[in-house]
Amino acid sequence: MNFTQKVIWAEIKLKVLESAMMLNDEYATDDVIAKLMEVVEILENTEPKGG
C-alpha cells in the first residue's frame, strides 16, 4: 500500500469513527448521514487497486 492509499484509508477510518462518536453524542441523524456520505464520496473518487 503506497502513501496515498494509506492517507485515504486513514481519512475513511477517521470519518467512520467521527460518525460513531456523533451517534454516541446524539447528533442529528442528518449530520451523521452527511458525515457518512463524505466516506461514500471518497470511495467513489478512489479507484480500487486491481489484484
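Quick caveat: nothing in here was measured; it's all calculated off a predicted structure.
- Rounded to the nearest 0.5 angstrom, Ile8 CD1 and Asn45 CG are separated by 9.5 Å.
- Note on Met22: it does not cluster hydrophobically with Val16, by side-chain heavy-atom contacts below 4.5 Å among ILVMFWY residues.
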Name every donor-acceptor pair, under 3.5 Å, that has one atom in a side chain of residues 31-42 and the other anywhere in the protein, sequence neighbours excluded.
from	atom 1	to	atom 2	distance (Å)
Lys35	NZ	Glu18	OE1	3.1
Glu38	OE1	Lys15	NZ	2.6

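- Distance check: Trp9 CH2 to Leu14 CG gives 14.0 Å after rounding to the nearest 0.5 Å.
- Side-chain atoms of Asp25 never come within 3.5 Å of backbone atoms of Tyr27 as a donor-acceptor pair (strictly under, hydrogens ignored).
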